[in-house]
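Every chain is numbered from 1 and lettered A, B, ... according to where its sequence line falls, protein lines coming before strand lines. Only this structure's heavy atoms are used, side chains among them; waters, hydrogens and symmetry mates stay out.
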Amino acid sequence: MKVQGEFTLPLGQQAAWDLVLNTEVLARVIPGCQSLQPVGSDEYEMKMKLAISSIQGLFAGKVKIEDRNPPYSYRLVIDGQGKIGFLRGSGLLVLASESAATRVSYNGEVQVGGMIAGVGERMLDMATKMMLKRFFEGLLREAEEPPT
Amino acid sequence: MVTVTPTKVEPQVGKRVRRQEDPRLITGTATYVEDIKKPGMLYAAIVRSPHAAARIKGLRTEAAAETPGVYAIFTGADVEGVGPVPCAAALPGLRVPKHTILATNRVYYVGHPVAVVVATDRYIARDAAEQIEVDYEGLPAVADPEKALAPGAPAVHPEWPDNIAFTQHTEGGDWKKAFEEANKGGVIVKERITSQRLIPMAMETRGVVAEWDAGGKELTIYSSTQIPHLMRTQVALMLGLPENRLRVITPEVGGGFGSKLNVYAEEALMGFVAMRVNKPIQWIESRRENFQVTIHGRGHVDYAELSAKKDGTITGMKIKIIQDLGAYHQLLGPLIPTLSVLMMPGLYNFKNIEADIVGVFTNAAPTDAYRGAGRPEATHVIERMVDILAAKLNMDPADIRLKNFPSKDAFPFATATGLAYDSGDYAAPLHRAMQILDYSGTREKQREARRQGRYLGIGISTYGEICAFGPSPATPAGGWESATVKIEPTAKVTVMTGSSPHGQGQETSFSQLAADALGVSMDDIVVLHGDTSVVQYGIGTFGSRATAVGGTAVYLALQDLRDKCTRYAAHLLGVKPEEVNFEGGVFSSGRITKTVTIGDVALEAHVCRNLPPGMEPGLVATRFFEPSNFAFPFGAHIAVVEVDKETGKVQVLRYIAVDDCGNAINPLLVDGQVHGGVAQGLGQALFEEAVYDEYGQLVTGELMSYAIPKAHHVPDLECDRTVTPSPVNPLGVKGVGEAGTIGCSPALVNAVVDALSPLGVTHIDMPMTAAPLHARLPGRPAARRRAALHRQDRRDCPHRRHEHAPPGGDIRNPAAALPAAGRSGGPDRRHASAQPGNDWRQPGPRRPGCGLSGRAASPGSAGAAGEPARRAHADLSGFPDRCLHHGSRAGGDSLRSDRSGGCGRAWFCLREDGAAGFRLCRGRRGRASGDQGRKDLCGEGGDHGHGVEILSGRRRRGGAGGPAGIGRHTGRSRAESG
């Protein structure tokens, strides 16, 4: 499944870069994220609860950041599995300054397998869109809040 | 000795005898594998791969093993001593991957078994299976056969990077010359035609119970299979067990359609587990497993070319078949496309053919025999191509077929692919079907419909098929069949057949044969099958062979027994055997008045007080029948369809099936088979498709996303037969189990293409869901499309149909064919809807509406017979009690009584009898509403305690919907429309 889109953060490019790489922020805004622990440089272990249609379950997996090119772009690689299947994907995030704001565009591919594909496929597109929407709304909230 | 006057007894063969099997099936007293319980039984669950292709880097079972109730866990390493899952196809050069019963270091498709957990109940087993951690390293996968053939595609099996399992080239006649001539002065048509991957979906999933008798060193396997004897041989070999220490019992089988004509990993695996844990084991396949790992059917991409003269005479054919084989070969998989090649010339006269098959490995479930097995694919291709040719030459599709049939005195007819068609009169069923339809009248109606801008189409399919498998040299494991018939001392008759049925009704048809041959009542006959310790080795039920081969073996054994009884009776009567007459169970002779009954002979043959010299005691006969040829049934199916001009949805208006399966032992069973077959063919044509995504994930993995036909999708089938007996067997029968499926899909596709031909459509691939058809329709404003979709829903409301069109019988399980068979009634009813004046093409509702007017007939309603039943008040809180648009409560309380005036909006109310119902607003018409709003109402009515209605898109947008969001019809599943 192709995932593609863009959103705008009301921050300067460097601030936006810091935000989208802040694991504490990410752990708060990734829908269903239960923990996000660094295990090495640019590598994290993530536990995430995913619910699509009638199936839900816990995914455990790795998140890696590759091709880091601050503050312009990086590649996000995820690989997780759980009882309801597996989730694999990678995507390129590109940050571009746009007057006072920063436009973040993403372009990637997500592959799901197991029950989540066989049973949840009909819902997958919508669920993905919804999760992305919640993710960006969360980021936006974080961006608007004064740094603590 | 009792003397009885001989009476004329009506023969059973040829009668519409109701199925002996049905009482136990419809009262829930039949025993399926899941019903088998053994003391101390354990339950197995299988861990399956979620990956289409992956390396297994590690496997941790500790957490699962610690789960309370878990008895044992076995992985690939434990079962290394068990032989591979067998493939019986012996094609030259066939690449056969080693198909172990559990994966060891690599998985090849989603669902690939990796480990098995044995526990004290099935829920513990399943929970524990989820605890097993398998560390997969995902690999690139390919599930599309054409993509798998492309250079650089991921290799399904690394040892064969081209993904080709085998190729086969066949030539007949001089196809080069035929195409050269067509190039010069004739015509050539080409098309790419697919027969999509299907999921057989037997109503009963697979299941195995295995029990090891350590003392007697005997393993008993209960399995839901079509081939108990062949499975015993193969599983014994896999387990290294002497064949006579393995007993296979097939209890009731809830449908197979070829998916149980196989030897599966789980059958050997459960045997292995039972022997290891020394406890009885049960494994019942879940529906999701059934989607993923039980064989799939079809999976063809065909490139076809037909050459012809300008007058429509077909001269030659070129065909390239790309067969999606999946990741492994099951029992017969690679043989299935070879049957397609054999059948490719269809019923036509041409003698020149070039056929190529490429069998392709993909990261998907194996494909194998599914109802029709190779012949539906071939029939679909040739019948589509003939229609494409007819369109190109501007000929009528009926005329071009009649022109190319061999004449009825040309039999046995040698085909381009080397078959010898046994007998046939191919024009007869087509003429009959055209007569039932009123073909020319319907063409006139089609022209009228086109003038009105409607898309009405007529599709013809004249199919032939290879049945009665078969001469042994042409089959991988023997094509004969066995039968044993015993007459017990009390004159009860036991018939034992190797053709173990799974819903076909052999217990009835074989009883009919025995009743006629021995003059006993049907009630005195028991037909035994499916127990390898009881029944003589046999082959099984598949390929429409049970009656033609198994039935003939029964017939021969019955003749032997009847001869012996006659000789015995002659001895008792004191006359010569040739002087004995036998009728109605009584032996008599014209010379004397004394008679003896079959009962007298049965008793005498066992007590032997007066044994004829040279004769052995007992009345048992075993016979084997080896057919000299296949049998070739044929027929003509005609479908009339309308494609909704706004939604693209196909409605089947009429379906006529005229089949010729030779003599019919039981026409009721024949009709049941045709009904079920057509339902499955219709499923392929309109709804079904097993879809793998680009990563090899089966995304149609459950019934929510894989649409099978429901009862209301199946039209009234107008069935008739012509009779051309087969010379291949003494019964003159051919076979009909797969005929409906084979004839149906091209009839429907031809009809839809015919309907859309004014738009320049020449071919449509299956399934013909609304979306691809809609894309070919002229563009329409979105609002009108939405409104039309809602109208479509209303037409489809199952409640509208159930009075008129009861469930179409064996949609998925021929064992449940009783309602369908019963519905056919006698021949007098068969063409009820074929009478002139049938108003199928009239605009407006064709069938009685279900609305409120249909309520009287609903279950639970006192209906027309008496006072309306008092019902508990429905909870109407939350529903509007007045027209939301006008605030008015004034309205008619039924759709029937108030068809005029008012804005037409509906709301819930309580009727006088206490049931929930609708009211329609009689207030001022809304600005936007016309008659449309009212038409869109389809109330299921108060009998169900809740209403169901469809409000047009317009009204929903207007926000006045009220109950619009609730209870919308769910009859249309997403997959149907998308």
Check whether Glu694(B) gets within reach of chain A through its side chain, its backbone, both or neither, counting any heavy atom under 4.5 Å.
side chain
Proximity breakdown for Phe291(B) and chain A, heavy-atom pairs closer than 4.5 Å:
neither
Interatomic distance, CE@Met115(A) vs CD@Gln292(B), rounded to 0.5 Å, equals 9.0 Å
Start with the C-alpha distance between Tyr695(B) and Arg88(A), add both sets of side-chain angles, then the distance that settles side chain to side chain contact (heavy atoms under 4.5 Å, CB included), and finish with yes or no.
CA-CA 11 Å; Tyr695(B) 312 107; Arg88(A) 266 207 306 258; over 6 Å; no
Kindly check if the number of other-residue, nucleotide or ligand heavy atoms within 6.0 Å of CE (Met130(A)) is above 12?
yes
Separation between CG (Asp693(B)) and CD (Gln111(A)), nearest 0.5 Å, reads 7.0 Å
Part of Val699(B) lying under 4.5 Å from any heavy atom of chain A:
both
Counting only heavy atoms not in Arg106(B), do more than 12 sit closer than 6.0 Å to its CZ atom?
yes
Side chain, backbone, both or neither: which part of Val134(B) has a heavy atom under 4.5 Å from chain A?
backbone
